[in-house]
Amino acid sequence: MTSVMSETALDDLADAIATGATVAGLGESTRFAHETFEVRDQLFRRLVRRHGFRALAVQDDASVGAALDAYVTGGAGTASSALAGAWRPWRTAEMAAALEWVRVSNEDHPDDQVRIFGVKPAQARPADYDAVMEHVRRAAPHRLAELAAHLEPIRTAHEIDEHVQRARGLHPGRPFAEHARDALAIVEQLPGDPVLERMRLIADFHRRSVAGRDDYAGDARTWAGTIVGHQHRTGRRVAYWDGIAHTAAAPATLGLAHRRGPQPTVGSVLRDHYGTGYVSAAIGFHHGDLGAVTVPEPPSDWLDARLGATGQAAHWLDLRAGGMDGPMKVRVISGVYDPSRDAAEHLAVASLPAAFDVLVHLREVSPVRRLTA
């Protein structure tokens, strides 16, 4: 239970989000704050209990989604073990607790269970690198050292994204997509290679990454298509968990990539498909300690400063009732956040109510708790 918002406020907020929603985008301005995650989790629980939502879409690939779904529907292991192969921002005690709640809820309602799925296509996993290396070790040992020189540096992207490595000064230099391309060329030269598809999956992973695409926006149409496809097949109401740069219901411009201008978001594609049946809720904050970094108060012309001017620990607004309009900058804290360029760490939208139906603002936040194993 969260201590940031009252039970009544959370109930009312969930009711507002659920009104007319087939899909609800529950977006955070950061993935690193305990309080923003907790509010989102509490809202999701209410959407399940009070409004019949029965699916959770997360930004990860299909295999991770399947592992999370297997756990919450009664599979072996623990929430922590189910998250072992997940994208690093999901590997937190908060996410584990959320999965545990879903599992218990499903046990109590075996004929009406909540299902989880990843919005991305299946991606390469660390085991794929191992399989490729082992095959070349046996089939072409004279190429092993050359292959390892390409694969060993780039497999680190499964622990720290390549674009984050660049931002932190950890990157070895050569683009990972180029290493993966050269590794693929080696494997393609081996006759009848049984691991060629796994090597192609590795190359595709790096080609489609943020660094490989040089684009933070992701593949909005593909991810949205996964959500639409699941919803149409099952008829379930879906909650979509992601950052607000993805859940926003209108094209948006990232401050770190402002020269690209407005880019499609997953939420904008869902809005085009569902109309007002896609509801976008943004959970943001004013300032706080995120563990690795301390985030200062926002610039005065940002939405976060305007909402924070009330001094309230937490409050929410339904923009469908009017009162706020026009273009706006909204704080976004990603894995490459640097306080020295805080003014660039934002999302810009041409119309605030077109991008978000509901706003939740928290005054101060603290770090999520990372899983240690």
Side-chain angles (χ1 to χ4, degrees), residues 57-71 75-78 80-91 116-166 170-215 218-219 221-223 225-226 229-230 335 371 373:
V58 297
Q59 195 209 125
D60 217 318
D61 76 25
S63 62
V64 170
L68 302 184
D69 187 65
Y71 171 74
T78 65
S80 295
S81 64
L83 289 165
W87 186 35
R88 191 168 180 270
W90 293 128
R91 286 182 258 159
I116 299 178
F117 63 98
V119 301
K120 296 181 179 181
Q123 294 181 324
R125 317 302 303 175
D128 294 316
Y129 297 75
D130 296 335
V132 172
M133 290 286 290
E134 180 56 31
H135 175 73
V136 174
R137 180 178 289 107
R138 290 184 281 103
H142 62 289
R143 304 299 301 272
L144 184 61
E146 182 185 5
L147 181 72
H150 294 304
L151 292 188
E152 291 303 327
I154 69 176
R155 69 182 297 158
T156 61
H158 293 272
E159 284 301 314
I160 303 177
D161 291 321
E162 184 182 4
H163 68 286
V164 177
Q165 291 189 33
R166 288 194 183 282
L170 303 174
H171 197 277
R174 192 181 185 211
F176 287 179
E178 293 182 7
H179 275 299
R181 180 196 63 207
D182 290 347
L184 175 59
I186 292 172
V187 176
E188 286 176 331
Q189 293 170 14
L190 303 180
D193 197 322
V195 296
L196 181 56
E197 287 307 311
R198 299 181 88 159
M199 186 60 240
R200 286 174 175 160
L201 204 60
I202 293 170
D204 188 65
F205 172 84
H206 292 284
R207 180 175 62 85
R208 293 180 178 272
S209 70
V210 170
R213 292 164 56 100
D214 190 25
D215 186 359
D219 192 344
R221 296 197 178 280
T222 298
W223 300 0
T226 302
H230 181 94
L371 293 174

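Just so you know, residue 1 is the first one in the sequence shown, and it goes up from there. Hydrogens, waters and symmetry mates play no part in the numbers below; they use all other heavy atoms, side chains included.
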Evaluate Met133 against Leu144 for side-chain contact (heavy atoms from CB on, under 4.5 Å), listing each step before the verdict. CA-CA 7 Å; Met133 290 286 290; Leu144 184 61; 3.8 Å; yes
Could you go step by step and tell me if Val136 and Met199 meet the side-chain contact (heavy atoms from CB on, under 4.5 Å) rule? CA-CA 11 Å; Val136 174; Met199 186 60 240; over 6 Å; no
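Rounded to the nearest 0.5 angstrom, Leu201 CG and Leu196 CG are separated by 11.0 Å. For the atom pair Arg208 CZ and Thr222 OG1, the distance stands at 6.5 Å (nearest 0.5 Å). In this structure, the separation between NZ on Lys120 and CD on Gln59 is 4.5 Å, given to the nearest 0.5 Å.
Side-chain contact between Glu162 and Pro153 is absent, with no heavy-atom pair separated by less than 4.5 Å. You'll find the side chain of Leu184 stays beyond 4.5 Å of the side chain of His206, heavy atoms only.
Taking the six-membered ring where tryptophan is involved, the planes of His158 and Phe205 are essentially parallel, since the angle between them stays under 30° and well short of 60°. Ring geometry for Phe176 versus His171: interplanar angle under 30°, hence parallel rather than tilted (30 to 60°).
Taking the salt bridge (charged side-chain N to carboxylate O under 4.0 Å, His left out) definition, one finds that Glu188 meets it with nothing, sequence neighbours left out. Under the rule for a side chain to side chain donor-acceptor pair (under 3.5 Å), Ser209 has no partner lying at least two apart in sequence or in another chain. Every residue meeting the side chain to side chain contact (heavy atoms under 4.5 Å, CB included) condition with His135, not counting sequence neighbours, appears here in chain and number order: Arg138, Ala139, Leu190, Asp193, Pro194, Val195. Partners of Arg181 under the salt bridge (charged side-chain N to carboxylate O under 4.0 Å, His left out) rule, at least two apart in sequence or in another chain, do not exist in this structure. Trp90 pairs by the side chain to side chain donor-acceptor pair (under 3.5 Å) definition with nothing, not counting sequence neighbours. Residues satisfying the ring-ring contact (aromatic ring centres under 6.0 Å, His included) test with His230, not counting sequence neighbours, are Phe117. For Ala82, the side chain to side chain contact (heavy atoms under 4.5 Å, CB included) criterion is met by Leu68, Tyr71, not counting sequence neighbours. Here Arg207 pairs with Asp204 under the salt bridge (charged side-chain N to carboxylate O under 4.0 Å, His left out) rule; sequence neighbours left out. Applying the side chain to side chain contact (heavy atoms under 4.5 Å, CB included) test to Pro89 and every residue at least two apart in sequence or in another chain returns Arg31, Trp87. With sequence neighbours excluded, the residues satisfying side chain to side chain donor-acceptor pair (under 3.5 Å) with Gln165 are Thr156. Arg200 is linked by a side chain to side chain donor-acceptor pair (under 3.5 Å) to Glu197, counting only residues two or more places apart in sequence or in another chain.
Taking each heavy atom of Gly118 and Thr226 in turn, the nearest pair found is O-CG2, 3.6 Å.
A donor-acceptor distance shorter than 3.5 angstrom exists from the side chain of Asp69 to the backbone of Ile116, with no hydrogens or angles considered. For Asp161 (side chain) and His163 (main-chain N/O), no donor-acceptor pair under 3.5 Å exists by modelled atom type.
Listed by first and then second residue, the salt bridge (Lys or Arg N to Asp or Glu O under 4.0 Å) pairs that reach into residues 146-160 are Arg91-Glu159, Asp130-Arg155, Arg143-Glu146, sequence neighbours excluded.
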